[in-house]
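Working notes, structure below.
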Amino acid sequence: MNPRIVFFDTTLRDGEQSPGVSLDLKQKIEIAKALEELGIDVIEAGFPITSPGDFEGVKNVAKEMKRCTVAALARANQKDIEVAWEAIKHAVSPRIHTFIATSDIHLKYKLKKDRSQVLEIAREAVKYACSLCPNVEFSAEDATRSDWEYLAQVVIEVVKAGATTINIPDTVGYTVPQEYYNLFKFLVEKLIAAGYEEDLKSGRLRLSVHCHNDLGLAVSNSLSAILAGATQIEGTINGIGERAGNAALEEVIMALKIRKDFFERSLGYPLEVNIATKKIVPTSQLVSKYTGMLVQPNKAIVGANAFAHESGIHQHGVICERTTYEIIKPEEVGWTGSAIVLGKHSGRHALSFKLKSRGWQFDDTVLTKVFEKFREEIKDVLRKIEEEHLEGILLDLFCEKEYRYELVSSQVISVLSGSLKPVAQVEIRDNLSGNKVAVGLGIGPIDAAYKAVAQALGYSFNGEEKDKKNLKLVDFNISALTGGTSSEGVCSVIIEDEPGLKTAGLGKDGDIVIASIKAFLKALNRLEVLKIKEKELKSQVLTLAK
């Protein structure tokens with residue numbers, strides 16, 4: 001069999017059919033370019049007959065692609081096929097993709113035709129499409145609920161008519177891996193018996209798989225089809241699409257790459273997976289951004305937690321040797337940075353790793369103290385702790401006596417409506433230069449309070465005053481320790497100064513504005529110490545008296 005797997009992406013067609021998704025022309029072209037850079041072979045750009053907008057989208061994508069085959073979907077009738085051809089005829093490599101249902105349930109209730117009529121329609125549609133375009137794909141809609149003998153008869157007739165790719169879609173996500181495998185084996189045998197063995201081996205004729213995820217089996221079914229002789233995989237980025245979505249192409253790609261040994265051993269010949277895998281995550285994020293469909297955190301390959309480790313046992317293993325708990329290098333699919341998450345399940349090894357990665361050296365006594373404080377804050381305050389918070393705990397151990405700022409008093413006036421803005425007045429004790437008082441106006445009470453604090457201490461907040469040192473708010477979160485109106489509020493902030501130095505702060509109070517100011521001042525205290533003493537502190541092994 002031909003060793004090359006063809007990847008057919010239908011994000012711009014089936015993916016855009018996801019409820020609530022609507023891509024404009026610029027977004028479609030940008031996604032198409034990303035897919036081409038990823039190494040996708042065929043991009044199904046849309047269903048041109050459905051609207052003038054869809055026609056223009058397909059037409060423009062077809063003109064923009066430099067390498068990819070661009071496919072346009074068409075029902076098995078002359079008008080659809082003509083419009084599809086008009087949309088893609090200027091592509092470097094155009095493909096007409098025509099389809100008709102073959103299951104008895106579709107024939108009876110949707111098409112209201114018998115099997116012989118549908119067979120004739122399919123044959124004539126493919127014949128007409130081939131008169132316009134040499135590259136024609138035929139799909140037997142709802143193939144997995146069709147009678148196998150009748151399906152094979154349709155397949156052989158459309159191949160005789162000129163189709164070079166035959167798609168056997170699991171349109172409603174009904175099949176299971178073993179059944180799908182058996183169906184493909186059955187069709188391969190029928191095609192060989194009809195004299196098409198050499199065409200299948202050479203790749204002149206390809207069997208394609210298009211699976212929906214209604215039972216959560218789209219990727220498993222797709223891989224089963226590969227084992228049975230399919231050489232084209234259809235799917236979408238992030239698995240988006242009608243109802244429960246399509247097979248997620250990134251999962252299929254990485255399964256074939258990581259378990260290449262199994263697939264080659266099972267098939268008896270080598271497989272080619274020509275995909276630039278480092279582009280997977282950027283492409284996933286682009287599709288998520290433009291479709292508005294967020295990727296679930298535990299989604300394989302592209303989810304935020306796909307390579308995240310919080311369990312102390314797992315963290316220790318990964319720190320010692322990545323392959324103990326990771327079968328894919330995160331960088332291989334486009335992730336960057338550490339995947340060690342500091343949470344309630346984390347252990348000393350993870351804390352040590354995180355601090356050392358930021359340049360800190362310390363002995364076991366220091367690590368024990370940091371770990372104790374970390375466990376206290378995870379238990380009582382935060383669900384997870386960023387590296388900046390962990391570094392702040394270390395600074396508290398050695399430098400808390402040198403912190404300059406403390407909140408003396410604050411007053412905030414909120415505004416219900418009208419042209420007035422919330423106003424805050426704060427008084428800050430500065431141990432080096434005395435008390436400072438300032439007033440700030442903001443969008444809300446906390447914004448006003450932060451601007452007042454920044455004003456008092458000579459900073460610009462979020463770039464509002466160009467002649468002062470700027471502070472940027474990187475992360476801000478407020479939560480309640482317990483339920484009820486008397487709950488104590490907890491604020492977590494991460495700030496960054498102009499050179500790019502980041503620090504974090506936590507604040508607790510029954511008043512969430514005061515909790516927010518305390519967190520801001522804690523971060524500023526740590527920032528001032530870091531600016532002065534970071535090199536000195538990091539040049540030695542930190543230790544505590546035992």
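Treat the numbers as computed from the prediction; the structure is a model and nothing was measured.
At a threshold of 4.5 Å between non-hydrogen side-chain atoms, the residues Asp14 and Glu234 do not count as touching. Using a 4.5 Å heavy-atom threshold, the side chains of Trp85 and Ile96 count as touching. Considering only heavy atoms from C-beta on, Glu198 comes within 4.5 Å of Arg204 through its side chain. Contact of the Lys160 side chain with the Tyr196 side chain is registered, since non-hydrogen atoms from C-beta on lie closer than 4.5 Å. At least one side-chain heavy atom of Arg75 sits under 4.5 Å from a side-chain heavy atom of Phe47. The shortest distance between side-chain heavy atoms of Val252 and Leu223 falls below 4.5 Å. Residues Leu25 and Glu56 form no side-chain contact, since every pair of their non-hydrogen atoms from C-beta on lies 4.5 Å or further apart. Proximity of Asp54 to Lys28: side-chain heavy atoms (C-beta onward) are separated by under 4.5 Å at one or more points.
Between His349 atom NE2 and Phe371 atom CZ the span is 10.0 Å, to the nearest 0.5 Å. Remark: Ile393 CD1 to Leu351 CG distance equals 7.5 Å, nearest 0.5 Å. To the nearest 0.5 Å, atom OG1 of residue Thr98 and atom CD of residue Gln78 are 11.5 Å apart. Atom CG in Leu73 sits 13.0 Å away from atom CG in Leu12 (nearest 0.5 Å). In this structure, CD1 in Ile121 is found 4.5 Å from NZ in Lys113, a value given to the nearest 0.5 Å. Annotation: the span from Leu200 atom CG to Thr231 atom OG1 amounts to 8.0 Å, rounded to 0.5 Å.
Side-chain contact of Arg206 with Thr165: a donor-acceptor pair under 3.5 Å is absent, judged by distance alone. Using modelled atom types, one finds a donor on one side chain and an acceptor on the other under 3.5 Å when comparing Asn238 with Ser284. The closest side-chain donor-acceptor pair between His389 and Ser492 falls under 3.5 angstrom. Using a 3.5 Å distance cut-off with no hydrogens or angles, the side chains of Thr102 and Ser146 do pair a donor with an acceptor.
Of all heavy-atom pairs between Ala122 and Ile100, the closest is CB-CG2, 4.0 Å. Summarising the geometry of Val118 relative to Ala101, their closest heavy-atom pair is CG1-O, 3.4 Å, with the distance given to 0.1 Å.
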Practice item. Report the C-alpha distance between Arg123 and Glu120 in whole Å, list the side-chain angles of each, state the deciding distance to 0.1 Å, and finish with yes or no for salt bridge (charged side-chain N to carboxylate O under 4.0 Å, His left out). Key: CA-CA 5 Å; Arg123 180 169 48 225; Glu120 182 62 22; 2.2 Å; yes
Check your understanding: Yes or no on side-chain contact (heavy atoms from CB on, under 4.5 Å) for Leu217 and Asp170, after CA distance, side-chain angles and deciding distance?
Key -> CA-CA 10 Å; Leu217 296 170; Asp170 186 26; over 6 Å; no
Exercise for review: Check the pair Val154 / Phe138 against side-chain contact (heavy atoms from CB on, under 4.5 Å), numbers first and verdict last.
Suggested key: CA-CA 10 Å; Val154 173; Phe138 173 79; 3.8 Å; yes
Practice item. Test side-chain contact (heavy atoms from CB on, under 4.5 Å) on Phe374 and Leu390 and set out the steps. Key: CA-CA 7 Å; Phe374 163 79; Leu390 192 61; 4.2 Å; yes
Exercise for review: Could you check Lys59 against Glu86 for salt bridge (charged side-chain N to carboxylate O under 4.0 Å, His left out), going step by step and ending with a plain yes or no?
Suggested key: CA-CA 8 Å; Lys59 184 177 179 180; Glu86 279 300 311; over 6 Å; no
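More than 12 heavy atoms of other residues, nucleotides or ligands sit less than 6.0 Å from atom NZ of Lys110. By the 6.0 Å contact criterion, CD1 on Ile258 is enclosed, its count of non-hydrogen atoms from other residues, nucleotides or ligands being greater than 12.
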Side chains of residues 124-134: which donor-acceptor partners sit under 3.5 Å, not counting sequence neighbours?
| unit_1 | atom_1 | unit_2 | atom_2 | d |
| --- | --- | --- | --- | --- |
| Tyr128 | OH | Glu82 | OE2 | 2.7 |
| Ser131 | OG | Tyr128 | O | 2.5 |

Donor-acceptor pairs under 3.5 angstrom involving side-chain atoms of residues 38-46: please list them, not counting sequence neighbours.
| unit_1 | atom_1 | unit_2 | atom_2 | d |
| --- | --- | --- | --- | --- |
| Asp41 | OD1 | Arg4 | NH1 | 3.1 |
| Asp41 | OD1 | Arg4 | NH2 | 2.7 |
| Asp41 | OD2 | Phe7 | N | 2.8 |
| Glu44 | OE1 | Thr10 | OG1 | 2.7 |
| Glu44 | OE1 | Arg13 | NE | 3.1 |
| Glu44 | OE1 | Arg13 | NH2 | 3.4 |
| Glu44 | OE2 | His97 | ND1 | 2.7 |

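The ring pair (Phe, Tyr, Trp, His ring centres under 6.0 Å) check on Phe184 picks up Tyr180, with sequence neighbours excluded.
Checked for salt-bridge contact, Glu36 and Lys66 miss the test: no charged N lies under 4.0 Å from a carboxylate O. A salt bridge is absent between Glu30 and Lys289; no separation between the charged side-chain nitrogens and carboxylate oxygens falls under 4.0 Å. Using a cut-off of 4.0 Å between Lys/Arg side-chain N and Asp/Glu carboxylate O, Arg259 and Asp261 are scored as salt-bridged.
For the pair Thr11 (side chain) and Ile237 (backbone), a donor-acceptor distance under 3.5 Å is present.
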